[in-house]
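What follows is a short report on a single structure.
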Amino acid sequence: MASLKRDTRLTPWQSTLCGGIAGVASRTLTAPLDVVKILSQVGTFHTKQGFAGTFKLLCKAEGVRALWKGNLTACVRLFPYSAVQLAAYRRFTLLFMDDLGRISKWQAIVSGGLAGVVAAVVIYPTDIVKTRLIVQNSLEPTYRGIIHALCSIYYQEGFRSLYRGISLTVLGAIPFSASLFFMNISLDRIWQEPGVCLSPLQHFANGCLAAAVAQTMSFPFETVKRKMQAQSQFLPHCGGVDVHFNGMLNCFRQIVKTKGVLSLWNGLTANILKVVPYFGLMFSTYECCKRFCLYQNGYIISPLGYQLTPGVDQSLRPQELQELRKFLRAKDFAARKPSLKS
């Protein structure tokens with residue numbers, strides 16, 4: 001998930017809401033690319049004709065709506081994911097923070113990576129459900145929805161099946177965080193400016209490039225995870241997985257043995273193409289929601305622009321600004337009261 005900079009002028013729930021709305025919008029509009037990516041990772045029959053052919057085969061077999069399979073699950077899980085990630089990130093930053101309240105860039109990246117892992121682990125069963133809903137035939141579904149899928153997997157395959165492949169989420173965070181840190185350092189050197197002086201466009205370009213490289217480096221772990229999530233004897237053709245395996249290491253071996261090393265990056269094209277529109281939509285939607293909240297909190301004049309409200313200290317938090325306004329109104333009322341009596 002993209003990292004959206006926390007604005008202290010927003011309340012925690014406003015920040016979570018803005019991030020959730022931005023995530024829902026960006027995921028929904030880029031859902032077809034995500035579906036193609038996951039089908040390519042699992043290795044279903046739709047992907048036999050390559051990236052472009054997957055769209056054609058999927059639409060022909062199940063209709064255009066199939067391009068949004070699992071999107072509801074992906075959107076629903078965003079809100080608990082964001083809440084858990086934000087809470088965990090605060091804990092980890094406090095852990096790494098020095099006595100002066102400072103934290104280095106690599107420590108911030110590690111904190112973000114660890115927070116992402118914690119959030120992913122907490123809501124991991126919904127990721128299993130999302131994968132199963134995508135690989136199943138939507139015209140002849142095995143699962144009728146999120147709740148039905150969760151209950152079916154639990155009763156048919158056991159509690160541990162809801163966390164199948166979870167170790168790969170933790171292992172994949174290592175190359176992801178390392179690549180993210182390396183790219184941030186390298187891109188700052190390319191721009192030859194300190195990060196705080198970069199323009200919004202440069203920050204956006206940095207985020208897209210860093211995310212693309214980091215996701216590419218950790219992609220094999222996600223490919224194996226998707227195959228482990230999809231494989232089930234209760235689904236037709238064992239979930240459509242193109243290799244048969246028993247466990248994580250055996251899955252790696254079988255993929256390399258039968259499909260070749262490069263097949264660990266199946267679906268990477270769809271993933272790379274998703275990066276720019278996904279982050280672009282996420283940050284633009286987040287900014288629109290943030291402006292509305294800042295207008296509600298009294299920091300800006302209109303939600304359509306970014307003109308600051310005159311006389312308002314932008315460093316104050318919403319609660320502090322509200323208390324200051326109450327104090328000033330009470331003071332103003334007290335000053336007018338004698339004149340009213342007279």
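Every heavy atom of this structure was used, including side-chain atoms; hydrogens, water molecules and symmetry mates were not.
Between the side chain of K227 and the main chain of Q41, a donor-acceptor pair closer than 3.5 Å is present. Side-chain atoms of N137 come within 3.5 Å of backbone N or O of L139 as a donor-acceptor pair. With hydrogens and angles ignored, the 3.5 Å screen pairs no side-chain donor or acceptor of W265 with any backbone N or O of P220. Side-chain atoms of Q322 never come within 3.5 Å of backbone atoms of Q319 as a donor-acceptor pair (strictly under, hydrogens ignored). In this structure, T47 contributes its side chain and T54 its backbone to no donor-acceptor pair below 3.5 Å. Looking at T223, its side chain does come within 3.5 Å of a backbone N or O of L264 through a donor-acceptor pair.
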Could you pull out every donor-acceptor pair under 3.5 Å between side chains of residues 249-260 and any protein atom, sequence neighbours left out?
{"from": "N250", "atom 1": "OD1", "to": "N246", "atom 2": "N", "distance (Å)": "2.9"}
{"from": "T258", "atom 1": "OG1", "to": "Q254", "atom 2": "O", "distance (Å)": "2.5"}

- Item | Verdict with supporting geometry, K290 and E287, salt bridge (charged side-chain N to carboxylate O under 4.0 Å, His left out) | CA-CA 5 Å; K290 188 177 83 168; E287 282 300 315; 3.5 Å; yes
- Message: With ring pair (Phe, Tyr, Trp, His ring centres under 6.0 Å) as the criterion, how do F51 and F55 come out once you've worked through the C-alpha distance, each side chain's angles and the decisive distance to 0.1 Å?
- Response: CA-CA 7 Å; F51 170 69; F55 288 97; 5.4 Å; yes
- Query: Hey, mind stepping through T93 and R90 against side chain to side chain donor-acceptor pair (under 3.5 Å) and telling me if it holds?
  - Reply: CA-CA 5 Å; T93 50; R90 286 175 177 168; over 6 Å; no
- Trace of the side chain to side chain donor-acceptor pair (under 3.5 Å) decision for Q314 with R9: CA-CA 7 Å; Q314 300 292 321; R9 296 174 297 175; 2.7 Å; yes
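Geometric assessment of K48 against the ring of F45 yields a negative cation-pi assignment under the 6.0 Å and 45° thresholds.
Under 4.0 Å is where a charged nitrogen must lie from a carboxylate oxygen, and between D127 and R226 at least one such pair does.
By the neighbour-count criterion of 12 heavy atoms within 6.0 Å, atom OH of Y295 is sparsely surrounded, having that number or fewer from other residues, nucleotides or ligands.
In summary, the side chains of T8 and R317 do not present any donor paired with an acceptor at a separation below 3.5 Å, with no hydrogens or angles considered. Residues Q307 and S302 bring no donor and acceptor atom of their side chains to less than 3.5 Å of each other.
When ring centroids are compared, F159 and Y163 come within the 6.0 Å threshold.
Under the 4.5 Å side-chain contact rule for hydrophobic residues, F79 and Y89 do not share a cluster.
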